[in-house]
Structure formats: C-alpha cells, structure tokens
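Read through the structure below, which is laid out as structure tokens, and then see the notes.
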Amino acid sequence: MKEIYQQTVEEVLKQVGSKELGLTSEQARKSREKCGWNELAEGKKKNIVQIFFEQYKDFLVLILIASAVISGILGDVESAAVIVTVITINAILGTIQTVKAEQSLQSLKKLSGPEAKVLRDGTAIQLPARELVVGDVILLEAGDMVPADGRLIENASLKVDESALTGESLAVEKNMDTLLKEAPLGDRTNMLFSGSFITYGRGKAVVTEIGMQTEVGKIAGLLKSTSEKQTPLQMSLEKFGKKLSILILIFCGILFAVSVFRGEEISSAFMFAVALAVAAIPEALSSIVTIVLSFGTQKMAKEHAIIRKLQAVEGLGSVSIICSDKTGTLTQNKMTVEDYYIDGKRISASKIDITDLAQRRLLDDSILCNDSTNENEVEIGDPTETALINLGSRYGVEAASVRTLYPRKGELPFDSERKMMSTLHQIDGENRMIVKGAVDRLLERTERIWTKAGVRELTEEEKEKIRQQNQEFSMEGLRVLAFTYREIPDQHKLTIEDENHLVFLGLIAMMDPPREESKAAVEECIKAGIRPVMITGDHKITAAAIAKRIGILHDLSEACEGAEIENMSDEQLREFVPNISVYARVSPEHKIRIVRAWQEKGMIVAMTGDGVNDAPALKQANIGVAMGVTGTEVAKDAAAMVLTDDNFATIVKAVENGRNLYRNIKSAIQFLLSGNFGAILTVLCASLAGLPVPFAPVHLLFINLLTDSLPAIALGMEPHNREVMNEKPRSADESILTKDFLGKVGLEGLVIGAMTMIGFLTGYHQNGALLGSTYAFGTLCLARLFHGFNCKSDHPVLFTKRCFNNKWLQGAFLLGAALITAVLMIPELHIIFKVETLNWIQLGLVYLYAFVSLPIIQFLKWVRIKLRKNGE
Ligand code: ATP
C-alpha cells in the first residue's frame, strides 16, 4: 500500500473519504464519534489518592507520624490519636488545595488551546484544533500552527518550520508533487505535520491523521503532564524556608537537650521539640504562592488575560514598560474605508461611483489582492482586507463574483518585513500582478501611473503629490494602502524581484479608531509608573496621530521610524529609547532591539505581538503578550500571556492583578511568619524564665495544622485594591523578605508572643501549669486568628469597611474561633487536648488577651506610617 505522500491528491481524498470542499458537519460528527478528539493523550495524571498520600511525604509529617507511633507504643494513645487526626485533616486540606489549583491551571490550558481554520459544509470556519477529524480540509497561512497531519491540496509558497519534529531549524519549502519513492519525514514535501508552524505563504491540506496517530503523537508518545516551573518568588521562599528550618531545628535540638538535662522524660521532651519544629517551620510558604497564583489566574482569565506561565503573574507586578502594537491593541481593529485617492482626486468612500472606470478598477483590485472572506456575515481574515471587501459589498460588488471572474494564478503573501503583497490574475487578456502595501515602500518601486487616458511616466511632482496626499491622510490618523500593478510574462513564477517597475493606480485610506478604553488605560499606566510605548508597522504620522489622541505621545519629536535605529549601536539605542514613545514602520528585529535596550536599562518589559516574526521579541520580553483574536499561533506559543480581547487596557488590568496578587502573597507570608515567631518567642521566654513549657505538643499541632492555613489562604484571596496602581513598579530583584518586612514580622510576632505569655502567666498563677498552658494555647490560637485582619494592609484597617471586605478571612476566623472555643469548653475533649476547663470569665479573658494584640499592632502600623511620613 502506498504511503499518503506517494499518492496523488485525488487518491488521498478518496482514501480519507473527503472532497476539495471538505466534510459536512454531519460527516465530521460521525467521524469524531468513531475516532475521538484530535489531541495528544496526556501522561498519566496523579489521581486524588496519590495527591493525598503525597501530603505525607514532607519530612516533618514523617517525623510526626514516627512520634505518634512512639507515643502509641509508650501508652499515650490520646496523643497518638490526635496527631493522626490532625495530620489526616491537614492532608485532606492540602489535597483539596492541590486539586483545585491543578483544575484551575488545567482549565486555563484549555482556554489557550490552538485553533484551526477548516472547511465545513463548504464554508471556512474557525474551531478549536481538537475538533478536527480525518478528511477535514484545513486552511493555513503564515503564523498558523499545523493542527494535524495532512496532505497539501493547494500550495502558495508555503514554508514550514518543522524543527519540533525533525530538529531541522531551517524552514522547509513545500510543494504538491507526488513523491514516488519512500522518503524520511523531513523530505515529505507535500505533507504537513502536526505541531509545526507555517512561517510563510498560504495553503490548503486535507487531514490524514489526527491525535496520537500523527507523527508527533507517535514520537512523543504520551505528553508529559507539564509541571509548572517554580516562580522566582517560590525559589527565593524555598531557599529562605530551608535556612529558617535549619535554624529552627537547631533551636529545637537545644531545647530538647536542655529539657532532658532538666530531668524531663525523653519521650515527652522529644515530642515537644518535634511539635515546636512543626509549628515554627513555615513549610507552606511556597505552596501558598502556587495556590494564590493559580486562583489569581482564574480571575485574570475572566478579565480576558490568559496566563500561560505562572511566573508571568509575578513578573506582571514589576512591569515598568509596556511596548504595545497599535492596530487592534490600542485601536479597535474595526477598519472602514474612508477615502479613495485616484486620478489625482480624493473621493469619500460614501461617494464612490462604480461606473467610473478608475474607481471600479481600484475596487476590483482591492478585492482581488486580498485574502479575506466575508461569507454569511462571517468575516475571516485581516481586518485591513475585510474593510476592502466590505466596501465592495456596500456597492453590490461581491468578492466571490470578482474572484471567480479573475481567479488567482499566483501570489506573494504579505509579510510585515516587505509591508506589501502581490497576486497574479488574468484580466482583460493580460497577465496582471496587483501589488498593494505601504505607500512609501511602493512608491520607491513605482515608475509609471495609470490614467483613464492610458499609462504614462510618473513624474517627480506627481510622486510628491501622492506623498503629500499620504501625509494628509496620515495626519488624520488614517491607515493608507497604495495599489499598484504590472504586467508579467505568461508562465512566469512570481518572486519578490517582480515587485519593481510598478504602475501606480491609487490609494485607499481607512480609519481604525482608538479603543474607547485606551486613553484611560494609558493614563492609569503613567500613574502607576509604567511607560507605555507604541511599536507599530504603520506609518509614522498615522501612528503619531493615534498616539497623541490616547496620550502616549505629546510631541512629534517622540516618534521615530524603525530605519532610524537600524544604524545605531546597542549603546546608542540604550540612550535613545527613553526619548521615544512611538516607533513606526518597525520590523520584528527592531522590536527585539528595543526590548533589549530597555532591559539593559534595568526595566521589566511587557511586549505585545501577533505575527509569525514576533515570536523572538515575545520570548525576549519579560512578559510576552500575544493577541488571542488576531494573533498567530506562533505568537501565542511564544507568549507568557494571551489576551482574549487583544486590548491594551487588559494588559494594564493584568498588571494591577499581578501587583495585587503579589501583595496578597506577601500578606499571607507575613501572617504565617509572624504567628510562628510569636509561638517560638513564648516558648523561649518561658524556658529562659525557668517556667514550665507553655504548650503541649498537641496545641502547637492544632494551631499550625488546622487554624493557620485557612486564614493564610484567605489572605491570598484578599479583594483586589486599586490603590496598588498609585505605587511605582516593584523592582524585579526586590525580595519579599526585605529588612523592613522581617522587621514587621518580628514586631508583630513580639506582640503576639507577649500577649500569649501574659495569658500563660495569668493561668499559671491562678492554678498552675495546666491552666497556664490552657490560657497560652487559647490566646495564641485566637491572637493568630485576629492577626489575619492585621495582615490585610500596611495601613491600620480597624474600624474601616476594609476590615470586613474579605468573606474568606471572616469565615476562616469564625471557623477557627469556633474550633478553639469548642476545645476549651467541651469537657470531653480536655484529655485529648491537654487543657483544663475554663469558666466563662476565664474564656473572656483569653479572648481579651488575644484581641488586645489587634489594636496594639494596628497602633504600631499607624506609628510606622507616621514615622515614614516624617522621614520623607
Ligand atoms: P501594528 O504593528 O501596530 O499591528 P500594523 O498592522 O500596521 O501595525 P503591519 O501589519 O506590520 O503593522 O503592517 C505594516 C504596513 O503594511 C501597514 O502600515 C500597511 O501599509 C501594510 N499592510 C498591512 N496589511 C497589509 C496587507 N494585508 N496587504 C498589504 N499591505 C498591508
């Protein structure tokens, strides 16, 4: 049996049961029922039981289990039971968090899955690539990812990057020839393979294999379930956590030795040392980051920013430069033709006369040299081009009929480097190549002009007049395309050399109004210390006019053209970039250089991109941002964030989210560290004063494993605050654990420790050690719960609405308080939890001591802010 690449197009179509016009929806549905989805099977995912048992892998939990076993053997069955219960509940909580976080990341992946253009029921539609079936006819153009394996049935200069499959980094040119012999993958030039990228040209292919049957499916076997890399914050926290753990273990070791030396039983001294280690070591630091970030990405997805790499959320908080495209990001990308310029006259689009030879010719050419379609109200293609065919429809000239009359015989696709495209047609007996593109680029190549009276030389004055007209359009913020043409000998294969010696026909100017929200978003950016920079392929004057309208540029001297930076050295460019807010006529290489120049100045750069050639710049930027609607799959693949509405304002919103999430993570960490520190201080203080140990091991385990993690997570969910946008961007290498931060942790820990100690002493003097430790346990537990409200903000929030705006925190507080009150008041629990029965007054006192830490810390915050203000 012949391989697909050895068969003719007809044979392949027959084999897969399809036609040039593709499948019907019904055929596709049936095929999918039989063959399943077009996706690579994921590696075995961990199931919930595995995740549950993973919670026990932690070194400290293992020590705890060991101590439970020891306690059990030594006859202390209650302690053993409590430890087992507490770590089981803790493992359940951990499992729920992990599963939820994973689910949210998984649903994000689905959202950013690739799309494919396919013919169904004879019309081109766009759908998620996983819905493709064998026999589907897919349409591909530069920037697309090949969504399945297929045989080419139409080819217009296709070049494909198959490096993911073959390792060959040069793009492969494709053709339609049937191969006679067997050929290795890289030489099957009439085939397209799933996972490769179209870098140039356009084509059509019939799908021959999907999912795991594709070449990439066979090679890759199972997709490894991609585990997220750690974010910089997680790495730094992990390092800090390790160092801190060693210190704490040494401290607990000393405490153990001292207790044994004092004559305490080895088993209980050991148990206490272990419990203190568990209570003091902040083992949850890095997992808090994952949980908060992954929940944060859900909110961001709802607000149209899909995060592809978790690190990006963190990076967003320190973005200081946003380099943005113009078309579609700052503008609406809803182009409408405003004016024609032909025969030396400017004609409004509403006054076009299609019986006029010149105007009709410009209209026809704009439909022919054009890849967009608008069938049954479904627009597919570049809005610049859709605007051209929509103008035709307005005058009853349908694209399909013009295109059937003058079919395309050849083409040179558009690329943002040349800024032009050409198509070849047989028109009125002549072989005509129509070239459309940027006015400046085309005028350089134009020698003659078409007039109703015939073609003649184009004089310098006439060229100047066209340039002036272009300038006039541009100053009005219009985007201008020039239309030219030339005759081409028959049977000639087009090359870009042919885009010379052109005949000028006319100009078409179109309007792409700024998005309504752009101006406010730019303002907000500037207020937040972020510099917005426009980088566009469009004309300098057009770009400057739009930039001025939305507040990015104030004077034309802040705009430059890509060509101006071409000859600059990297050093010169570094000095140059701060003066420029608009870069026009840039090529993708310029983008990379601009990003790099800013980065060398210590800036964190977010950069938008949509085209095939934007991928390197997106990777170079700290946060590569791809356009979800108009962007190519290549750009999306390279980006860290995808905008589902292509909107600049969404980037600014994402920065706000990034800053808020960072702040929330910081609050959660502050909460955990200061509370742990309070516990250690109490133990240290009591042992220095020669008093009995203020806690039983079970107390520390109860607090650490049950009533601590919920408020920490709740703080991570703190409602977002717009105030973060009044601050300057955080420096990227700033660590969370600054001296200032640790100072706060220390001070707040001190207050909590002091109140706990007061509690302990009260009980101790009332009725000895057991009552003392009951007081200490209750006070520490409740003080930490109250402390959650302290960690909401650096400012005092008590008595403000803000104090009560986080229902998660309130819930965590109520649950924690209910649990501890139950433990203190229900006599049946007392043996297990090693507490003494409190009367109502004593309970009130415990609540009071714990509560007092709240106003004290709030007052300290107030003093701190006053001191800082005075310092300034
Ligand atoms: P941005 O970079 O902000 O998205 P842009 O869309 O203008 O701006 P490109 O798509 O690179 O950037 O276009 C650059 C220039 O190429 C345009 O100013 C226009 O003159 C020309 N051009 C754009 N689209 C086409 C097209 N489909 N056919 C021919 N020329 C085009």
Side-chain angles (χ1 to χ4, degrees), residues 141-143 202 322-335 337 365-372 380-389 411-423 434-445 470 473-474 477-485 496 499 502 507-512 514-515 518 532-547 550 552 559 561-562 582-591 594 607-614 617-618 625-627 629-632 635 643 646-648:
E141 60 182 339
R202 203 182 48 78
I322 303 180
C323 295
S324 170
D325 279 340
K326 170 179 73 70
T327 312
T329 318
L330 289 159
T331 65
Q332 299 179 7
N333 214 7
K334 283 200 192 109
M335 309 251 184
V337 175
D365 282 10
S366 72
I367 290 171
L368 291 172
C369 184
N370 188 321
D371 289 329
S372 286
I380 293 192
D382 176 0
T384 307
E385 297 193 337
T386 327
L388 298 172
I389 52 174
E411 65 190 279
L412 296 167
F414 173 75
D415 77 55
S416 48
E417 202 89 48
R418 277 165 37 244
K419 306 202 189 313
M420 64 184 82
M421 73 175 274
S422 308
T423 55
I434 306 170
V435 189
K436 84 169 190 302
V439 184
D440 36 351
R441 294 292 169 93
L442 287 197
L443 274 188
E444 288 165 6
R445 297 149 195 262
N470 182 32
F473 282 141
S474 304
L478 297 175
R479 176 181 177 88
V480 198
L481 287 179
F483 282 81
T484 61
Y485 75 97
I496 48 175
E499 288 170 332
L502 302 170
L507 303 179
I508 297 185
M510 45 192 105
M511 186 60 193
D512 179 20
R515 285 178 181 265
S518 291
V533 176
M534 179 193 276
I535 302 189
T536 173
D538 215 341
H539 191 270
K540 176 169 146 184
I541 307 290
T542 311
I546 302 279
I550 54 182
I552 288 187
E561 284 202 359
V582 173
Y583 297 84
R585 287 281 184 254
V586 286
S587 67
E589 287 91 82
H590 300 144
K591 287 191 174 184
I594 298 166
M607 164 83 156
T608 68
D610 49 11
V612 213
N613 305 333
D614 286 339
L618 288 175
V625 184
M627 299 300 135
V629 186
T630 56
T632 55
L643 305 181
D646 291 9
N647 189 344
F648 178 79

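Basis for what follows: all heavy atoms, side chains included, without hydrogens, waters or symmetry-related copies. We count ligands from 1, going down the list as the structure has it; atoms in each ligand are counted the same way.
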Worksheet item: How many angstroms lie between CD in Gln332 and CG in Asp646, if you round to the nearest 0.5 Å?
Response: 12.5 Å
Tell me, which protein residue and heavy-atom name are nearest [atom], and how many Å apart are they?
atom                    : result
atom 3 (O) of ligand 1  : Lys326 N, 2.7 Å
atom 1 (P) of ligand 1  : Thr536 OG1, 3.5 Å
atom 22 (N) of ligand 1 : Phe414 CE1, 3.4 Å
atom 20 (O) of ligand 1 : Ala438 CA, 3.2 Å
atom 18 (O) of ligand 1 : Asp538 OD1, 3.0 Å
atom 28 (N) of ligand 1 : Lys436 NZ, 3.1 Å
atom 14 (C) of ligand 1 : Gly537 O, 3.3 Å
atom 11 (O) of ligand 1 : Ser416 CB, 3.2 Å

Worksheet entry | Donor-acceptor contact below 3.5 Å, side chain Ser518 vs main chain Pro514 | no
List ligand 1 atoms under 4.0 Å from [X], heavy atoms only on the residue side.
X      : value
Arg479 : 5 (P), 6 (O), 7 (O), 17 (C), 23 (C), 24 (N)
Gly437 : 29 (C), 30 (N)
Val480 : 20 (O)
Glu385 : 26 (C), 27 (N), 28 (N)
Asp382 : 24 (N), 27 (N)

Discussion item. Go through it in stages, so that I can follow the logic: the residues are Phe483 and Leu388, the test is side chain to side chain contact (heavy atoms under 4.5 Å, CB included), and I'd like the CA-CA distance, side-chain angles, deciding distance and then a yes or no.
Written reply: CA-CA 12 Å; Phe483 282 81; Leu388 298 172; 4.0 Å; yes
Item to complete: Please lay out, stage by stage, how Thr632 and Asp610 fare under the test side chain to side chain contact (heavy atoms under 4.5 Å, CB included).
Response: CA-CA 6 Å; Thr632 55; Asp610 49 11; 5.8 Å; no
Discussion item. Side chains of Ser587 and Glu417, heavy atoms from C-beta outward: is any pair under 4.5 Å?
Written reply: yes
Practice prompt. Assess Arg441 for proximity to ligand 1: is some non-hydrogen atom of it under 4.0 Å away?
Written response: no
Practice prompt. Determine, using heavy atoms of Asp371 and all atoms of ligand 1, whether some pair is separated by less than 4.0 Å.
Written response: no
Worksheet item: Under the side chain to side chain contact (heavy atoms under 4.5 Å, CB included) criterion, do Leu643 and Asn647 qualify, and how do the steps go?
Response: CA-CA 7 Å; Leu643 305 181; Asn647 189 344; 5.7 Å; no
Discussion item. Does Glu499 form a salt bridge (charged side-chain N to carboxylate O under 4.0 Å, His left out) with Arg441? I'd like the steps, not just the answer.
Written reply: CA-CA 10 Å; Glu499 288 170 332; Arg441 294 292 169 93; over 6 Å; no
Worksheet item: Heavy-atom distance to atom 5 (P) of ligand 1: which of Thr327, Ile546, Asp325, Ile535 wins?
Response: Thr327
Worksheet item: Taking only residues two or more places apart in sequence or in another chain, which ones pass side-chain hydrogen bond (donor to acceptor under 3.5 Å, both in side chains) with Asp325?
Response: Lys591
Discussion item. According to side-chain contact (heavy atoms from CB on, under 4.5 Å), who are the partners of Ser474, at least two apart in sequence or on a separate chain?
Written reply: Asn470, Val480, His539, Ile541, Thr542
Worksheet entry | Closest contact, heavy atoms only, Arg585 versus Val439 | NH2-N, 4.3 Å
Response to the item:
Here the pair of heavy atoms bringing Tyr583 nearest to Val533 is CE1-CG1, 3.5 Å
Item to complete: Determine whether the side chain, the backbone, both or neither of Arg585 has a heavy atom under 4.0 Å from any heavy atom of ligand 1.
Response: side chain
